[in-house]
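Just so it is clear, the structure is predicted and the values come from calculations on it, not from any experiment. Reminder, nothing fancy here: chain letters follow the sequence lines and each chain counts from 1.
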There are 2 protein chains.
Amino acid sequence: MDESLPEGTTAAPQKGTVTQRAIDQIKAMIGEGRLEPGARLPTERDLASQLGISRSSMREAIRALTVLGVLEARHGSGIYVTQLEAGDLLETFGVVADLSRGPGLVELLEVRRILESTATALAAARITPDQLAEVEKHLTAMNATDDPEEILSHDLAFHRAIGVAAGNDTMAAILEGLSSRTFRARVWRGYQEEGAFERTRREHAAIHRALVARDPETARAAAAAHVGEVEQWLRTQLQP
Amino acid sequence: MDESLPEGTTAAPQKGTVTQRAIDQIKAMIGEGRLEPGARLPTERDLASQLGISRSSMREAIRALTVLGVLEARHGSGIYVTQLEAGDLLETFGVVADLSRGPGLVELLEVRRILESTATALAAARITPDQLAEVEKHLTAMNATDDPEEILSHDLAFHRAIGVAAGNDTMAAILEGLSSRTFRARVWRGYQEEGAFERTRREHAAIHRALVARDPETARAAAAAHVGEVEQWLRTQLQP
DNA sequence: ACCACTGAGGTGGTCCGACCACTACGCATG
DNA sequence: CATGCGTAGTGGTCGGACCACCTCAGTGGT
């Protein structure tokens, strides 16, 4: 595409659509620090006139930045810049997991295996007593019920707690997206029908033991095996 | 054929905004397979009347799904579903890298270190002669010039070629986002001013040697060290 | 002096209708 | 048969109108 990025910060020649230009300009304002996280933007009407476009086009631009987690519109109040933290910006990652299929699912699970194993290893080294208690809470709750829906909830919370304990919010947010509810539900529907409940419980117990022992390498192996089990099963499902 | 959503997890008769509902409905259509990748959607006007909303609101919904890489609007032709591949859906990942700052940058680089090292290890085991030639091409081109802009280009292409050789398109797409042009340019501006050119060249050479030797473990270590160097430098920059 | 209520103004949310810019495809033309 | 052109249909843009909601100053009571 076009290359030159001179000093002209707001230099926006006749690019693509008017709306796309507005998106880039607002994004640039934030990138250059002219709009701090949490700041309130001018009204839609003012923004539109400032950039010389109609309110309709400006609204499309705002909507685009809203779904990306960059802006937040509060009805009756105004438009605000989000905190631009990992959780805000990576929320869209869930869409990828929800709409991927076929080979893409396996690749996604492979990425999760890599990140989850590392995150679990980090957690083993850094986890605090409070965080460990949180992990244990979901572990026992998971083992105390037979309702698949509830198991899934605590399963997600179990791994989420570990992700938080790893101390890298960005990684935790990515893992959160890779483990979105619909994604897991879709994959597990068939997997757990093959009596994988018990195996899952054993694997979770192994991860927990490694965390208690503060043994990063064992934790890494246990987490990799845990995700790898599902990954391998899914791989066979795509080989009819 | 629409209206009431039968039993469901989020049984909410009247959700949020009309536009958000339209976004969810279109997303659901794709998720349920009612819209195949590459398929053409009805016109904006038809879609709007089908869902009982105005064309303006429908356009906002379409715009939202467009920036997410789910839909693609072609002026004068129609609206189409993308191929829903990794590259389409993960394009938004670059926005995260562009707008993150402070501690988030280090976390992002940590994620990249984990994924890049694994990808490089996989590449060492799987890379083909053609792919290896591609890697070498950018390596030599990178060493043959002093233009920072050109070096950056070949640097990106160098790692991109390795990511492709790893055989996981999803991981390659994520790494592509984590290494977006503006992201790298921002971080390297200061880094390379401290005479890190030579060190970067040595690290790239080490990665290349490991690929030629088809030694995954050495490749993993070399890649981790390479990214880790930048990561550590950036970490010190945030401790004033 | 304090607090609860109320009203008006401002904001985002939705809708409508018109026109423009571009593409696609069939028809007339050579 | 190949070429060119015109038309119908599509997304893109615009302006205005009205609605739903939040905010806060002003009011009235205690």
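Heavy-atom contacts of chain A under 4.0 Å fall on DNA chain C between two terminal nucleotides, which in 5' to 3' order are dG10(C) to dT14(C).
Atom CE of Met58(A) is separated from atom P of dT13(D) by 12 Å (rounded to the nearest Å). Look at CD1 on Ile23(A): it is 12 Å from P on dG12(D), rounded to the nearest Å.
Residues Glu107(B) and Met171(A) are not in side-chain contact: their nearest non-hydrogen atoms beyond the backbone lie 4.5 Å or more apart.
Panel note: side chain Gln20(A), backbone Thr17(A); no donor-acceptor pair is recorded below 3.5 Å. Side chain of Ser179(B) to main chain of Glu176(B): no donor-acceptor pair is present (N/O by atom type, distance under 3.5 Å, no hydrogens or angles).
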Give the table of side-chain donor-acceptor pairs shorter than 3.5 Å for residues 87-95 of chain B, with sequence neighbours excluded, one pair per line with atom names and distance.
{"unit_1": "Asp88(B)", "atom_1": "OD2", "unit_2": "Leu84(B)", "atom_2": "N", "d": "3.3"}
{"unit_1": "Asp88(B)", "atom_1": "OD2", "unit_2": "Glu85(B)", "atom_2": "N", "d": "3.2"}

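Ile62(B) comes within contact range of no nucleotide atom at all, as no heavy-atom separation falls under 4.0 Å. Among the heavy atoms of the strands lying under 4.0 Å from Ser56(A) is at least one base atom, whether or not backbone atoms are also near.
Under the rule for a salt bridge (charged side-chain N to carboxylate O under 4.0 Å, His left out), the partners of Glu72(B) that lie at least two apart in sequence or sit in another chain are Arg74(B). For Ser49(B), the side-chain hydrogen bond (donor to acceptor under 3.5 Å, both in side chains) criterion is met by no residue, not counting sequence neighbours.
With Glu110(A) as the fixed residue, the side-chain contact (heavy atoms from CB on, under 4.5 Å) test singles out one of Thr170(B), Leu122(B), Thr118(B): Leu122(B).
Within the structure, ring-ring contact (aromatic ring centres under 6.0 Å, His included) pairs that include any residue of residues 32-88 of chain B do not occur (at least two apart or interchain).
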B/S/- contact track for nucleotides 4-11 of chain D, protein heavy atom under 4.0 Å: -----BBB
